[in-house]
Number of protein chains: 2
Amino acid sequence: MVFGNMGDTSGTGVCFTRDPNNGTPELFGEFLINAQGEDVVAGIRTPRPIAEMNDVMPDVYEEFVQNTKILEEKFKDMQDIEYTIQEGKLFMLQTRNGKRGGESAVKIAVDLVGEGLIEKEEAITKVLPEHLDQLLHPRFPDVELQEYKNAVVSRGLPASPGAAVGCIAMSNEKVVENKEKGIPSIMVRDETSPDDVEGMFAAEGILTARGGMTSHAAVVARGWGKPCICGCTALNVDETKGEITISMEDGSQKTYKEGDFISLNGQSGEILEGSQTVAPPAITGNLKTFMDWVDQFREIDVLANADTPPDAKEARKNGANGIGLCRSEHMFFKPERISKVRQLILGDAKQEEEALQELLKFQREDYEGIFTAMDGLPVTVRLLDPPLHEFLPSLKEQNVLEDCAEQLGITIDELKEKVEAMEEVNPMLGLRGCRLGITRPSIVEMQTRAILEAALNVIDAGVDAKPDIMVPLVGKVEEFRKQKSLIQNVASKVFEERGKSCDYKIGTMIEIPRAALTAHEIAEEAEFFSFGSNDLTQMTFGYSRDDVGSFVPDYLSKGILQDDPFVTIDTEGVGQLIKMTVENGRGVRPGLKIGVCGEHGGDPRSVQFFSNEADLTYVSCSPFRVPIARLAAAQAAVQKDMKK
Amino acid sequence: MVFGNMGDTSGTGVCFTRDPNNGTPELFGEFLINAQGEDVVAGIRTPRPIAEMNDVMPDVYEEFVQNTKILEEKFKDMQDIEYTIQEGKLFMLQTRNGKRGGESAVKIAVDLVGEGLIEKEEAITKVLPEHLDQLLHPRFPDVELQEYKNAVVSRGLPASPGAAVGCIAMSNEKVVENKEKGIPSIMVRDETSPDDVEGMFAAEGILTARGGMTSHAAVVARGWGKPCICGCTALNVDETKGEITISMEDGSQKTYKEGDFISLNGQSGEILEGSQTVAPPAITGNLKTFMDWVDQFREIDVLANADTPPDAKEARKNGANGIGLCRSEHMFFKPERISKVRQLILGDAKQEEEALQELLKFQREDYEGIFTAMDGLPVTVRLLDPPLHEFLPSLKEQNVLEDCAEQLGITIDELKEKVEAMEEVNPMLGLRGCRLGITRPSIVEMQTRAILEAALNVIDAGVDAKPDIMVPLVGKVEEFRKQKSLIQNVASKVFEERGKSCDYKIGTMIEIPRAALTAHEIAEEAEFFSFGSNDLTQMTFGYSRDDVGSFVPDYLSKGILQDDPFVTIDTEGVGQLIKMTVENGRGVRPGLKIGVCGEHGGDPRSVQFFSNEADLTYVSCSPFRVPIARLAAAQAAVQKDMKK
């Protein structure tokens, strides 16, 4: 024994009934002889593992272990316990469900079902969306490689899992300054206090020299799912000099300055030199088991917003039931395409036609890749949406302007005039979406042809392609009718040319308040609806997302807004339009497929509204957030069930 | 007799039973011996006045006069008749209610009541809003002055009344080109045909050398209420040279080129050199009688949008029941004020305070003038609405930037940086309205103080001031609550300082879709609502008024839009929100005063919706359109009555 006096019969500590980092069903806690709990939490003294209590006072330890079992059975969850021992007598001071990291939340949920303590349905409620978010953070894939091992310079307590890479920063100011420049930081401190929260929050990860698994840094970082390594005793932090020194195992020292890059493996506690390679996580093991349960309970589909074949593959890996939004114009920005897009927009009739032919090839290839990745699942392609001037060169980019003018065979001044003529006062409310599709039908025709030719091509190769063509920014049913007839004409031509056809649907975004108000008319024509909840929020509130920075923070701090309406759906205003749309749309076309493809589709509280109150068919979100949306949908279903 | 053969017994012509220009109850028509009606309408031959038929064939004329009386009694309106005489026998070929100009429409309506042919209620339906529009066009006030008389160079047929001033233009292209440059045109043609309609429409007035009172130019111009002089035989139009020549009474000739200014008095048929002074019309005589009837029938109030004391006086003269929208910031652009406004926006705390004090004085004076003009009627003042950057100098105005930088004691570069920092991507959806009032409360405080101090000042002078303070751009009731409490605090201070108080109301604009959707909450707090139907249309449709030029014309021509929604209210979409707001608002606060102050308030079809379907308390429109809105409101009430 290395601490205390063997004859001591008093002690204090905190203990989790399972490991809050990885969920291992063993006591996980700390024990200080003759100390107050506060000292443990503050991390001022580094305590000893709880198992060592058994060496000092085995009877007390035996009683403690029995107590933890009783508490877990009673509360059906992992417990976080404060205890004290006075003159050999154990007092359980407090118990509550323990906070945990993502990995442990999933393991504990799965284990509790295995141990017969809870049902699957309850297990689903024990993993928070934030937990999954942590698990879906990138990890180091190369931990077995020698190169990785060589980069390890020290180890600390693995206080919060995940991989973090950033440059050393020792103050709130430095972290925030880096973040504004787009540079990731690792906040390195001797120990942290509430004063450091701003920097900790903005940092990718946290490293401290002092403090245990329940120190301020550890507790806070776990709450956020941010990688953290605590109590790295080999670390010396010199804020005055702006450098850190690490005592190496061979007795030498390594010094790093603020701004040098390091990497933290919050899983293993390893601290590494430089920027190590990170990779997305895989859904395997307990997480796979858990997500399978999730899918048994949820009542709505979860689709992904994916614009490229790699995105589509990622989405499928994450369990997406299809693609709810393919913003095909995102592919227009690739270097070899953007010049063709500019030629299409600014060129004469011949140049436009030539550009359309080139873009048709690119788009067809994209769609082939996406249909193949999503074999058997629906792929919803939105026709061109943004204002065309978004694709034009900035008037400040002289060399781009030169290239573009040369390509078009016009002078730079003529080009500038054309670019300026396309500027809009409020581009958000200007010539975009189907307004473009109606005034410049050739783009819609090219995109439709690309979608359907791609579908026929991959069907030939045995793929089950399910294209859904989505018309953006409809406000009047007449707009939809015009676009639908255009699409159907192209389809007829393509099918005739190819001597065969395929199934496809034509639907619309509901993102203009007027579309929501006239959903009963639009549903007569459209085969599916998808709420563009970002734009619907912009127009229902009259907020431009690009400009709200000047007042929304003030609104949040003054309590005028409870939530940022671009993060969590405004159920009262925007939600009212959504419910009205669903009711009126299905009134005309029973069973109408209705989804949402704004960013709210990946927000758990919004998903609950979409599932339980709006009765949508699906939500669609970024591939990365698909598992979170699946969980949120399952929790919504379980909650609805409990209310019955 | 100067025409035909006295022995002729055939003829043809068209005839109005009253004068379609001024309403005089005498036959007004034309008569051609041995000619077809088509020749008359085409203006190819200049026919003789109908009264001369009496000289040629008195029996036929006697029969004709009797027939016109029978027809007027049967149809209870002025008739437009085609007739032919074959071998002494009169055939009435066709009759219909005759088209008429504004002056005659009013006189005929008043006369028909006087003659006992119709009731007042029916008379109201006989004057179209377009007729009033014509009467409310400017006139030449100086016709009795020698200066005016000296400017008269010729006379033609007074084919359509009103005063027009513009430069000579001989082709559609020239008129349209002028219009684009903001230059008014008079379209001058030998005679007009349907090919000339584009130029005629864009011109201020029309002058032809040939054709009578029922020629193409005359009929079309009267339909539009556009001044027109036809059949000016002294005029010679040389399109090739681009000049016109007028043969003067003294035998001399005057030549004018395209681009020279002339003036037309459509009332008298006088053609004048140069730009003559024009003045607004007065509501007197028949028009006064008619408008008094209008006010007896209408069920909603008509207020005016007026920003200055002269506007307010004009509004009252036109019969406004108050001011529904005083955009106080319109007064900020006056030269002596704009620099203070810029100091307020960009200055430091001391400069801001100083600017507020100066602006307080200006605003108080403005409000005193407006309250005095509207003695006894409500004056609704909207607090600052537009984005602040609208008041800042353009980055291109170097000398304004210099002055502004000097005033603020900063460098031009610093100033440019401040101005650039305030630019917004979508200013329409950015920091404006109550968002400004909440983030920069000092402006609201100053404006509230100016309003209430002005009210107390004029009340001291015996004026009955009725201030309504209106908070713009509310989307959440919390925004309104904050602004209301700010206003109430200022009111308490002012009333305490002055040792007396006055009545005032605090209400809000409903112009954000979310406000309409949560009207039941906002009505708990607001004492009145006013629809900002321009903004509500922008956001419900997702159309920026500044940018719709790129697609709305296309939408109108393709039938996607039946009407421009910024001219005539979209009853289906925007109207649905309006009706919902009225129902939910009055559900909470019975009898809630609800008006509309967008430009739709002066559009007759929109007024009918606001009166009969939306059940609003009032519409508010530009002072100039108040009589039209009064008529539209009366017609709506009569129509509703007829449906019962």
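Here is how names work: the chains are called A, B, and so on, in the same order as the sequence lines, proteins then strands, and each is numbered from 1.
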Most heavy-atom pairs under 4.5 angstrom with chain A, which of B/Asp535, B/Thr518, B/Leu473, B/Ile512? B/Ile512
Here the gap from A/Asp554 atom CG to B/Arg440 atom CZ, rounded to the nearest 0.5 Å, amounts to 12.0 Å
Measure the CG-CG distance between B/Asp546 and A/Leu429 for me, rounded to the nearest 0.5 Å. 10.0 Å
Closest non-hydrogen atoms of A/Ser550 and B/Glu424, given as atom of the first, atom of the second and distance, are OG-OE2, 4.2 Å
Applying a criterion of heavy atom separation less than 4.5 Å, what residues of residues 565-576 of chain B form contacts with chain A? B/Asp570, B/Glu572, B/Gly573, B/Gln576
I need the residue from B/Thr540, B/Val548, B/Leu577 with the largest number of non-hydrogen atom pairs under 4.5 Å to chain A. B/Thr540
Given 3.5 Å as the limit, does a donor-acceptor pair link the side chain of A/Asn426 with the main chain of B/Ser544, or not? no
For A/Glu511, which atoms come within 4.5 Å of any heavy atom of chain B: side chain, backbone, both, or neither? neither
Does atom CZ (A/Arg605) have a neighbourhood of more than 12 heavy atoms from anything else shown, all under 6.0 Å? no
Whatever's closer than 4.5 Å to a heavy atom in chain B on A/Leu561 counts as both
If you count heavy-atom pairs under 4.5 Å with chain B, which of A/Ala516, A/Gly475, A/Pro513 comes out on top? A/Pro513
Using heavy-atom distances under 4.5 Å, tell me whether B/Val425 contacts chain A through its side chain, its backbone, both, or neither. both
Separation between CG of B/Asp547 and CZ of A/Arg435, rounded to the nearest 0.5 Å: 10.0 Å
Can you tell me how far the OH atom of B/Tyr543 sits from the CZ atom of A/Arg514, to the nearest 0.5 Å? 8.0 Å
Could you check whether any side-chain N or O of B/Lys476 sits under 3.5 Å from a backbone N or O of A/Phe541, counting only pairs where one atom can act as donor and the other as acceptor? no
Is the CD atom of A/Glu417 crowded by more than 12 outside heavy atoms at less than 6.0 Å? no
With only heavy atoms counted, which part of A/Met580 is less than 4.5 Å from chain B, the side chain, the backbone, both or neither? side chain
Considering residues, nucleotides and ligands other than A/Glu583, do more than 12 of their heavy atoms fall under 6.0 Å from its CD? no
With a 4.5 angstrom heavy-atom cut-off, could you sort out which part of B/Leu436 is near chain A: side chain, backbone, both or neither? neither
For chain A, which candidate among B/Gly430, B/Gly559, B/Pro427, B/Gly433 shows the most heavy-atom pairs at distances under 4.5 Å? B/Pro427
Exercise: do B/Tyr555 and A/Glu479 side chains pair donor with acceptor under 3.5 Å: yes
Do A/Phe551 and B/Thr439 have side chains that approach each other closer than 4.5 Å (heavy atoms only, starting at C-beta)? yes
